[in-house]
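Read through the structure below, which is laid out as structure tokens, and then see the notes.
Predicted model only: the values in this text are computed from it and were never measured.
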Amino acid sequence: MRRRLARALARPLVVAAAVSALSVGSSGPVAADRVVIGGFPVDVSESPWTVALSSRDRFGSTRAGQFCGGVVVGRSTVLTAAHCVGEEVLGGPPERVRDLRVIAGRTDLLADRGGREITVGDTWVNPAYDGASNVGDFAVLTLAEPLPAGSVIGMAADGDPAYAVGGAATVYGWGDVSGAGEYPNSLRAARVRVLPDALCEEAYPGGTDGVYEARSMLCAGEVKGGRDACQGDSGGPLVAQGRLIGIVSWGNGCGRAGNPGVYMRVSDIVRTLGWQQG
């Protein structure tokens, strides 16, 4: 999810290479009410489309080198955040990261077994992505080997009731559970609400906190705070009514009142790419 290193500022949600080796080593058993900021444990079999992005060379072997999330939208196609595969995060172009992989079907990253680790064969980053404003924060990974059809989640089209304001949604990831660099070993989920665009437009009008663009972004969380994505969750899925509606992108802090999470709106992504929705 977002990369919030300076906690007072809005940042994309990715595990930082400089701190991951320290923070993951301290992650012991985590209470169920402190998961993905106000979430709970979940087995990956309940969300087989949720995958982890991994590079042990860059992020260390603990937790299998996880640094971001992703979501399977085609048997060989994974959506993630553009900032996850940027040079600032990976230390160079993604094609030069020899061990960049997607981990599918694995709940516990510390166990380092189960599921599959698949090499990323190709990476396409949205050329319109703007790291200053956070606009256009999505990328497409093509896997070297296909996943089972059951791993694929459908994408909600424009006008789908899954986008309805006030509707229930769930965000998944292996990111920070406290906002203080406390990373779990196992997959977590948090139940949030789709919030009015006006709330995020007020929270993020521009400047150092980024700018909320209603056409291409989605506002979700809780008005009073407490449930949210956090560092390490970037690129992961936001799901409502069984369909993908958002990709974890950015926000100000984690679970803060008045600062909801911002997601890339999936209907805009598929429209941009010319994909079929549904």
Side-chain angles (χ1 to χ4, degrees), residues 1-14 36-38 79-84 126-139 155-171 173 175 179 190-231 233-241 243-273 277:
M1 305 179 180
R2 290 158 280 197
R3 186 194 179 196
R4 301 166 177 177
L5 296 184
R7 306 304 303 177
L9 300 179
R11 291 291 183 268
L13 296 183
V14 60
V36 191
I37 308 297
L79 274 179
T80 190
H83 71 261
C84 284
N126 179 18
Y129 169 54
D130 181 355
S133 66
N134 301 310
V135 170
D137 187 19
F138 67 90
M155 297 174 284
D158 281 322
D160 192 299
Y163 292 105
V165 172
T170 306
V171 58
R191 296 188 179 102
V192 296
R193 295 280 176 183
V194 177
L195 299 175
D197 289 327
L199 189 60
C200 274
E201 288 173 339
E202 180 179 355
Y204 308 116
T208 57
D209 284 352
V211 59
Y212 183 79
E213 182 186 84
R215 179 186 61 81
S216 64
M217 298 178 185
L218 185 68
C219 188
E222 297 292 337
V223 174
K224 296 182 179 180
R227 296 179 186 173
D228 197 5
C230 202
Q231 289 173 321
D233 290 326
S234 281
L238 178 69
V239 176
Q241 300 182 26
R243 295 178 292 284
L244 181 67
I245 62 171
I247 300 295
V248 179
S249 182
W250 62 284
N252 186 351
C254 301
R256 292 178 175 176
N259 292 120
V262 180
Y263 299 75
M264 292 297 101
R265 187 179 292 267
V266 166
S267 59
D268 185 69
I269 293 175
V270 295
R271 181 171 54 246
T272 299
L273 297 174
Q277 303 179 75

For Met155 and Leu79, the nearest pair of non-hydrogen atoms, with its separation, is SD-CD1, 4.4 Å
If you take all heavy atoms of Ala82 and Asp137, which pair is closest and at what distance?
-> N-OD1, 2.8 Å
Flag yes if more than 12 heavy atoms outside Gln241 fall under 6.0 Å of its CD atom; otherwise flag no.
-> yes
Are any of the side-chain heavy atoms of Tyr212 and Asp197 separated by less than 4.5 Å?
-> yes
Which heavy atom of Gly246 sits nearest a heavy atom of Leu244, and at what distance?
-> O-CD1, 3.4 Å
Heavy-atom distance under 4.5 Å between the side chains of Cys200 and Val262, does that happen here?
-> yes
Partners of Val211 by side-chain contact (heavy atoms from CB on, under 4.5 Å), sequence neighbours excluded?
-> Ser133, Val135
Are the side chains of Ser267 and Asp160 in touch, meaning some heavy atoms are under 4.5 Å apart?
-> no
Euclidean distance, Ser249 OG relative to Tyr129 OH, rounded to 0.5 Å = 7.0 Å
Leu195 side chain reached by Val223 side chain, heavy atoms, under 4.5 Å = yes
Separation between CG of Asp268 and CZ of Phe138, rounded to the nearest 0.5 Å = 7.0 Å
Minimum-distance pair of heavy atoms, taken over all atoms of Trp250 and Met264 = NE1-CE, 4.3 Å
What one should report as the nearest heavy-atom pair of Leu199 and Pro260 is CD2-CG, 3.9 Å
Going through the checks in order, is the side chain to side chain contact (heavy atoms under 4.5 Å, CB included) test met by Val194 and Leu218?
-> CA-CA 8 Å; Val194 177; Leu218 185 68; 4.1 Å; yes
Mind checking side-chain hydrogen bond (donor to acceptor under 3.5 Å, both in side chains) for Glu201 and listing every partner two or more places apart, or none if nothing turns up?
-> none
About how many Å separate CD1 of Ile269 and CD1 of Ile247, when rounded to the nearest 0.5 Å?
-> 5.0 Å
Does a side-chain N-to-carboxylate-O contact under 4.0 Å join Glu213 and Arg215?
-> yes
Does the Arg193 side chain pair with the main chain of Gly166, one donor and one acceptor, at a distance under 3.5 Å?
-> yes
Which atoms form the tightest heavy-atom contact between Ile245 and Ala156, and what is the distance?
-> CG2-CB, 3.8 Å
Would you check if the side chain of Tyr204 reaches a backbone N or O of Asn252 as a donor-acceptor pair within less than 3.5 Å?
-> yes
Residues forming a side-chain contact (heavy atoms from CB on, under 4.5 Å) with Ala128, sequence neighbours excluded | Asn126
